[in-house]
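Read through the structure below, which is laid out as structure tokens, and then see the notes.
Whatever order the structure lists them in is the order used to number ligands and atoms, beginning at 1. Residues: numbered from 1 along the sequence shown.
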Amino acid sequence: MERVYIFDTTLRDGEQSPGASMDAASKLQMALQLERLGVDVIEAGFPIASQQEYESVKRIAETVKKCKVAALARALEKDIERAASALEKAVSPVLHTFIASSPIHMEHKLRMSPEQVLDAAGNAVRLAKKRIPRVEFSAEDATRSEWDFLVRLTRVAIEAGADVINLPDTVGYTTPDEIREMFRYVIAGVSDLLQDRDVIFSTHNHNDLGLAVANALAAVNGGARQIECTVNGIGERAGNTSLEEVVMAMKIRNDVYPYYTEIHTREIVPSSAMLSKLTGLTVPYNKPIVGRNAFAHESGIHQHGVIANARTYEIMTSESVGRNRSELVLGKHSGRAGLSKRCAELGYVLTEAEVDKLYERFIALADKKKEVYDDDLHLLILGVQQGATNVYELEQLSTSGHDPSMALVKLRRGDQLFCDSAVGDGPVHAACMAIERITQISGRLEEFEIRANTPGKEAMGEAHVVVRIGDRDYRGTGASTDIIEASVLAYLNAINKYLVLSESQNGNAKNGH
Ligand code: KIV
Ligand code: ZN
């Protein structure tokens with residue numbers, strides 16, 4: 001059986017999902033979970049995008065040891081230098097440089113002739129190769145490019161030293177038959193260069209027509225041996241190839257796809273849950289493998305069959321993807337050690353100070369609700385980690401009355417305390433107005449969702465908001481057993497994200513496409 005390498009781009013392309021932005025601490029947390037999941041490459045980000053992004057890639061590169069860490073750069077000297085600098089301390093760095101190859105992108109976006117694109121690609125790969133031993137080259141919008149031009153471009157990149165050639169379906173346009181043939185054609189066109197070189201072909205697919213997983217598998221049949229994908233399939237527009245789906249498709253239908261990966265499949269559901277909490281992007285109930293209903297059987301006939309023999313209606317066990325692992329419940333007698341152990345099992349790496357803070361909040365929660373579930377823990381941890389990066393922290397909230405309501409809000413910024421009050425249509429509105437008076441940031445609430453994260457009357461309320469500030473949306477998450485407080489925390493989290501970003505931005509555009 002041949003190996004297919006898994007290149008995870010959750011933290012780069014995935015983070016380009018509208019509203020999926022994560023702060024540096026969350027990205028590091030997720031990177032460590034991806035390491036446990038066993039991906040081969042973690043694409044940590046696009047360092048030229050902002051100072052914050054650069055720092056975050058650098059931190060991941062310094063911390064992650066078991067996987068390769070990649071950073072993205074356009075085929076420009078300043079991008080490549082920045083990416084190389086962020087990767088300096090990585091054990092196994094990959095510099096990923098790209099330029100568009102389709103007529104429409106060359107003419108309208110790059111305003112470059114095909115010859116200029118060939119030159120730029122060769123120069124970029126040569127420069128990248130001088131700085132970092134392993135280089136991936138991507139021909140952006142490959143699936144809408146002329147195949148003969150792709151062959152020429154691939155030859156240039158390989159001759160310049162590229163170790164990986166990626167032919168992305170940037171706009172999610174291709175079909176399985178077409179992409180398989182494209183890979184066959186390009187690989188055949190450069191076969192003479194592959195005699196004495198170890199070059200891997202990679203596939204990177206977007207899901208605009210819902211074909212990303214099928215296209216990735218077809219590309220593998222055409223000769224690709226690396227799949228670029230994201231946890232929960234998050235990514236630009238309709239998302240990328242979903243890691244869990246493509247990995248499990250190769251595992252379950254190994255008769256059709258005789259390839260293996262080194263993914264520890266029991267880490268799939270924990271990875272999905274962590275990402276969903278960190279980004280606030282919920283997983284659809286019917287999402288294959290990781291959706292809440294993926295192993296639920298509603299009809300009597302199915303239930304009867306599953307009780308008699310699970311394989312009647314299940315093609316894989318829920319344990320094999322790590323679902324039932326998270327049933328363990330903690331209570332207030334579990335102790336600090338038990339709590340810390342459970343967090344580690346869930347993939348979190350916490351400092352002693354964070355565990356102390358978490359323990360305090362855990363005991364407070366366990367006092368209110370007897371059983372603390374993994375979903376509660378995810379939220380408590382998120383709250384502690386948000387506290388480390390938040391500009392403003394909620395110190396006190398009191399509300400009274402309904403329509404109009406009155407709210408009194410006390411916020412902490414470093415050593416300073418700020419207090420203000422406001423009137424609004426309801427308690428959440430009033431509190432948001434008070435926050436606006438203190439922070440002087442006016443945001444428009446675009447989306448607001450609140451749900452119970454675990455069963456039971458005392459469940460924590462998990463609030464998700466999208467707040468528009470200027471021309472950008474900021475996603476915020478908050479959790480509390482009091483739903484008004486959860487909502488206000490979520491709003492404040494979005495404001496904090498805006499502040500962190502605007503304070504660190506160096507004016508560069510954040511987009512790899
Ligand atoms: O979709 C795409 O083409 C990309 C490249 C930058 C690899 O994300
Ligand atoms: Zn992409």
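Residues Arg134 and Asp163 come closest through the heavy atom pair CA-OD2, 3.4 Å. Of all the heavy atoms in Ile99 and Ala120, the pair that sits closest is CD1-CB, 3.8 Å.
A salt bridge links Arg444 with Glu446: the closest approach of a Lys/Arg side-chain nitrogen to an acidic carboxylate oxygen falls below 4.0 angstrom.
When atom types are taken as modelled, the side chain of Thr10 and the backbone of Val231 share a donor-acceptor pair closer than 3.5 angstrom.
If you look at His206 next to ligand 1, the close heavy atoms, those under 4.0 Å, all belong to the side chain. For Asp13, every heavy-atom contact with ligand 1 shorter than 4.0 Å involves the side chain, none the backbone. Residue Arg12 touches ligand 1 through its side chain alone, judged by heavy-atom distances below 4.0 Å. With a 4.0 Å cut-off on non-hydrogen atoms, His96 touches ligand 1 through its side chain and not its backbone.
Residue contact check: Glu140 has heavy atoms under 4.0 Å from atoms 3 (O) of ligand 1.
Relative orientation of the Phe46 and Phe98 rings is tilted, given thresholds of 30° and 60° on the angle between their planes.
Inclusion of His204 in the set of residues having an N or O under 3.5 Å from an N or O of ligand 1 is warranted.
The environment of NZ in Lys287 is crowded: more than 12 heavy-atom neighbours from other residues, nucleotides or ligands sit within 6.0 Å.
Take the Zn ion (ligand 2) as the corner point: the lines to NE2 of His206 and to OD2 of Asp13 open at 100°, to the nearest 10 degrees.
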